[in-house]
Amino acid sequence: MTALTQSTAPRSERRYQFSWADAGPFLALGALLVLGFLINQDFLSATNLSNVITRSAYVAIIAVGATFVISSGGLDLSVGSMVAFIAGITIMFMNVMAPTLGLWAIPAGMAIAVLAGLLCGLANGLIVTVGKIEPFIATLGTMGIFRALITYLTNGGTIPIDKSLREAYRPVYFGTLGGVPIPILISAVVAVLGAFVLYKTKYGRKCAAVGANEDVARYSGISVIKTRTIAYVIQGACVAIAAICYVPRLGAATVTTGQLWELQVITAVVIGGTALRGGKGRIWGTIAGAVILELIANLMVLSDFVSEYLVAAVQGVIIIIAMLVQRFSK
Amino acid sequence: MTALTQSTAPRSERRYQFSWADAGPFLALGALLVLGFLINQDFLSATNLSNVITRSAYVAIIAVGATFVISSGGLDLSVGSMVAFIAGITIMFMNVMAPTLGLWAIPAGMAIAVLAGLLCGLANGLIVTVGKIEPFIATLGTMGIFRALITYLTNGGTIPIDKSLREAYRPVYFGTLGGVPIPILISAVVAVLGAFVLYKTKYGRKCAAVGANEDVARYSGISVIKTRTIAYVIQGACVAIAAICYVPRLGAATVTTGQLWELQVITAVVIGGTALRGGKGRIWGTIAGAVILELIANLMVLSDFVSEYLVAAVQGVIIIIAMLVQRFSK
Amino acid sequence: MSIVARIDRERGVAPATPVLRAEGVSKRYGTVTVLSDVTLDILPGEIHAIIGENGAGKSTFMRLLSGYIEPTEGTLAMAGHQVRFARPDQAQAAGIALVHQEILLADALTVTDNLFLGRELTKGGIVDDARMRLVAAAKLAELGCEVPATSLIRDISLADRQMVQIARALLDEHRVVIFDEPTAVLTGGEVERLLAIIFELKARGIAVLYISHRLDEVQRLADKVTVLRDGKMVGTHPGHTLSQIDMARLMVGRELNALYPQKQATRTSEPMLSVLNAVVPGFVQDVSFTVHKGEILGFAGMIGAGRTELFEGILGLRPGMATIELNGVPMRVHSQREAMDAGIGYLTEDRKGKGLLLQERLGPNLTLSALASFHPGLVLKRAREADALTRAVSSFDIRLKSLAAKAGQLSGGNQQKLLLAKVLLTAPSVVIIDEPTRGIDIANKAQIYGFIQDLVKQGKACIVISSEMQELVGICDRIIVMREGRISGEVSGETMTESNIALLATSERAQLAEGGTK
Amino acid sequence: DKKVVAVSIPAADHGWTAGVVYHAQAAAKEINAAFPDVEVVVKTSPSAADQVSALEDLSASRKLDALVILPYTSEELTQPVKAIKDMGTFITVVDRGLTDASVQDLYLAGDNIAVGANTAKFMIDKLGGKGDVVVLRGIPTVIDDERIKGFQDTIKGTGIKVLDIQYAHWNSDEAFKLMQDYLAKYPHIDAVWANDDDMLLGVLEAVKQSGRTDIKLALGGNGMKDIVKKVIDGDAMTPVETPYPPSMIKTAIYMTVANLIGQAPVRGHVKLDAPLITQANAKEYYFPDSPF
Ligand SMILES: Nc1ncnc2c1ncn2[C@@H]1O[C@H](COP(=O)(O)OP(=O)(O)OP(=O)(O)O)[C@@H](O)[C@H]1O
Ligand SMILES: Nc1ncnc2c1ncn2[C@@H]1O[C@H](COP(=O)(O)OP(=O)(O)OP(=O)(O)O)[C@@H](O)[C@H]1O
Ligand SMILES: [Mg+2]
Ligand SMILES: [Mg+2]
């Protein structure tokens, strides 16, 4: 065996190696910040950056859940509609309870939101896993269902939150704690929790295993159905948290709330370095991805180069370039 | 040799075996027709069915291309915007050429459409294969780009086709040949061609191989890049053909043309039995899927059960049920 | 630990109670019977070999014992109690572990992740990566496998993956450990270490089921040998009384000719393929060699010597640089297609990952790299494809129950034969075969050797990469030995002995001895 | 220092909003050229949330002297606009009023109820007080609701019966399909009302294709140039039109600028009427160069 030991001595452990692939999204983020500063000096102002990061909080929170779903080999197109639906029933519940519970209606409503999120996620999960339906189609179906339900609840219009609750609820989006906007804190907590679960618990390992190779997972005694369903439930919880932060920002839920967020969420996850075909999720990359998307949108508003009609094209080009940079920096 | 003759002599190729899995979409189609008849007798009237099938032609034509892309392991979210973009430049070209070419502007415009389709497809294909970007993200990017370009070309409004060409072009959508509406004939031709290429040619085999296992394809001397790029080019050509049939219907391209068709197209392909993860395509199933989607929408209008607010929900439910039926009829 | 305690207790009470018993088990897929009415007792502390031809049903039987599939008929019993396993982890919990014939690991995860999949070590609810890495590294070191525990599976060689699989099965204490062709992808040193570990298991009172087509291993190891033929049990024999020839005869059910064909003097001095200064970054440095018309050139070496990478680099399947001369014409090959068109055929060692489309039927698999010849006009000629399949099935003796089967449903050895047929369909003039007989039974090995010889008789050249030194010595005209990505020597004629090859493969400066067994 | 007027409007996602974008940009170009000390910045947003973001971005990077906004929805934009007003910005709101009317210094709107009501009145007249009507509505929003409400309130008590009402998302393709289905479902239809002209285009094609003669009226709304042209040409099926001109954004921008640089303060409530466009007055509403 001498030969073997000889030949393998130089190979060291990977642990402390710097990985370009993992750094990709953060490099892209840095590049964008520099670009932004060159375009408009105000870009790096504390207010602007804090606004942008606060705003990216919803997508970031939802995308943490999506990182679970995607790394377990699933996909969820329904998150945008689900935000609208959950925001809708939360507001309705709060409004109904406001006379009896007073301001306590707000925490009660939040609890309802989380419950609803868990149930919606469970429904998605069961359709995909027990129903064995391609996630793309299953969640496209539930996307239509949630969207229709919110349309029905709002009678095609808007559900505004009760005036009496409005002011008390506002700080959840607009407030700060130690100078940091509350949505940023919430998304940081969600991300830390997400990273903990995905990287440090048995469930996280199962998730990655199921996404990497279903057969191997099954043979290792991992229940594919359970693991993937739980990923959808986590996604539901994240959507609920996002909805809770969302409601005070605009004070209402409408039929258009959350439209196309699903695409943003998936883009954030993929830009963050998680592979769509499943296997291993990157929570921090996802967060970077969500911020990148908001930054691009912000840059579009702050710069005056681009015709209003072409904003979408420039965004598309920037995203593709960001992915290319990431790919070839490896 | 001995083993084979001993134990397996009677069993021959599958050719004449009936496969429930393959029949799934057609069974679902049949069930829907029966359901429709029960709900409303007019449903099976020749006019209604011919309208519905004609309407499904676009999605069917595009979905034939999508069957190639998906079975080669790709995905294309840009097809809806691409229809709008191609329709837009086709109309602009025809309008410019009408004074000099007269009615010849129409075939010339069609040629331009096909050329544009091939180029758009090529662009998508190269970004995905050479750029090595996740197809979901790459084509989400080009979706934004195409949509922005048509918005820019139309100034956010409408490009109508020149009055002088309108009447001559109309029959391409509204005309019939031997009693069969022309869009149906065109989509039948596209489907036959698609089925031929996918099932009977070398390229079809390569496509399926690349989708099933890239490594095996590569080790078998198949160029993954070339094969997958060609699939996107075929997709582009199909989109161009759909655009050619689309223009005479309303005589204009607008910023909303083709919106969300990508989701319909993918749904049709998946309902038709093609797996999203690639490896095997089912052209005829795809066609059935496209018709199923239009039939469901048609049924929603013809029946009086559903509140207008809930139409999307019921559609979602029906699609999920259709997939479940298919899954468990295997 | 409790399992071991139980084993000890049982041994004390009734040493002869079978730890695992299969009674009258059968397995059918649709109308196809793969295994019929097999009854077998496995005793603790016993090494029980199962042998049989390709497709005899060995793997099926093992999968059935370890919960991967359920029998259509029959029952399993452990220590006298009837058991039923719906899932592999239930069998594992009951103390039965299987090392699969095909590699079953998650590519995108690390070695450690794979080892502990589904049974991670935790500390206060948190997975304890540091400890798992240590345990994994220790277990791998015990097996003599030196891959870093943090490597991704997709980055390590096939042999290393096999070692990881074995480590995975040995991580916990089991009552029965089943090895399904564990040595097919291993070389001498690893095999020795594995055999030592198996003896150690036996000494601890653990029952071992062992499948191999390498009958010398069976002979050394087995206390008992059970022979399967065509899904039926032929009989169980005490191991040490059977010679290899006896075993082969029992498996095949008829007399066998010699394993290796008589060497023919087909070798010429006309160079066919010359490779100059091949470099594959990270794997191979500066390798040059020439293979002549009518020659069978062997490549030997330890695992990790870089043989596979050398040829993949030359053929454009991975980044690498080499100057090639084919029939005296210098050329560069950038892709497998170019190689094929130039007349170089390559058969990969990884049949499951890179060789066959497991979900696809046999015909399309067979013709995948030679599509052009089934495609004279626009249309693919199905009849021609069916013909080719029938021909391949008969000339390579592919055992299957139905021509409509999917490639993944073939037994391991038969997949290998299909792959060989696929590569030869491209009508190459230089054939490079990486591990030609991996998992192939003894009767068919002879057939494949004959086939290789036919190739060179037709004036082709053949390069055989193999980890079975005996096989190389048996068929090659000349053998190049690699070590750590370089050529460490060459043997031919009198110096072509297993011990010389082993010497060149392992030590820095080898003194070759002449003569010896052939 | 230049005075900054920010204009926040929805992105061009269908004909009418495209018209808004066109007129807003035209106004910005004209004013930027004409008044060197005024800068008009136009930003479009594809959703309510994005519009709020755009407001934050615009106000974070510079001091706004005035904001002209066509809000996505009233409830959602009220607070964010109020936040900007609190920084001392003059607020002009177009089309959709905010829930807190005190936020808007200037409010300029069309009358969606009137769009529905005037159309209904014409129909009642023309059909002689009774008939079967099918309706195509747009996207679930306040505008759509108001138009439908205006229509339904007006026909209440008459012999006009609404056979069916479904969404077609202000999209001509969907309207085409929906109309085909209406035609298959109802053997007799007297009139069609699509509450937006984009949809009317689809409706007209479907009716033309069916060759049916029972449909006497097919009316739209919004003042799209193609439909106004039909009215001018005396089309039998579409003899009238109701305006809801996207150019109101231009009016609003000019009024806001006038307030900033002129001497006369401009405050209050301006409601644009939605009179029936008939062949007689159609020329006034015809702008062939507008994209809408
Ligand atoms: N899922 C399946 N469906 C149909 N036939 C199958 C299936 N799985 C295995 N078979 C058939 O069962 C037979 C026995 O296969 P098995 O893998 O047990 O053979 P084996 O003895 O392990 O052979 P080898 O030595 O080549 O590994 C083969 O003919 C194979 O084609
Ligand atoms: N992931 C890796 N990273 C770095 N070096 C590696 C890695 N995997 C293998 N190597 C090195 O590459 C060389 C060749 O590996 P490999 O085991 O594939 O060779 P081989 O001779 O083809 O063996 P086999 O008998 O399995 O075919 C060895 O030097 C090995 O140490
Ligand atoms: Mg086997
Ligand atoms: Mg090798």
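Here the structure is a predicted model, which is why all the values come from computation and not from measurement. Quick note: numbers below take in every heavy atom, side chains included, and nothing from hydrogens, waters or symmetry partners. Here is how names work: the chains are called A, B, and so on, in the same order as the sequence lines, proteins then strands, and each is numbered from 1.
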In short, C:V127 meets A:K202 closest at the heavy-atom pair CG1-N, 3.6 Å
Distance col, row C:L98:CG vs A:Y219:OH, nearest 0.5 angstrom, shows 10.0 Å
All heavy atoms of A:V216 vs all of C:N114, minimum pair found to be CG1-OD1, 4.4 Å
Value for CG (A:D215) from CD (C:E102), rounded to nearest 0.5 Å, stands at 12.5 Å
Margin query: Please check if the number of heavy atoms outside C:Q285 that lie under 6.0 Å from its CD is greater than 12.
Written below: yes
By side-chain hydrogen bond (donor to acceptor under 3.5 Å, both in side chains), A:S71 pairs with (sequence neighbours left out) none
Show your reasoning for whether side chain to side chain contact (heavy atoms under 4.5 Å, CB included) applies to A:K280 and C:D113. CA-CA 11 Å; A:K280 206 145 201 177; C:D113 287 345; 3.4 Å; yes
Applied to residues 62-75 of chain A, the salt bridge (Lys or Arg N to Asp or Glu O under 4.0 Å) test, sequence neighbours excluded, yields none
Side chain to side chain contact (heavy atoms under 4.5 Å, CB included) between C:R87 and A:S223, worked out = CA-CA 10 Å; C:R87 295 197 318 264; A:S223 163; over 6 Å; no
Between C:D129 and A:Y199, the two heavy atoms sitting closest are OD2-O, 4.2 Å
Separation between NZ (A:K200) and NZ (C:K123), nearest 0.5 Å, reads 10.5 Å
Under 4.5 Å to a heavy atom of chain A? For C:D128 that would be neither
Whatever's closer than 4.5 Å to a heavy atom in chain A on C:L109 counts as side chain
Nearest heavy-atom approach of A:S220 to C:R168 is OG-NH2, 2.9 Å
Value for CG (C:L117) from CG (A:N213), rounded to nearest 0.5 Å, stands at 9.5 Å
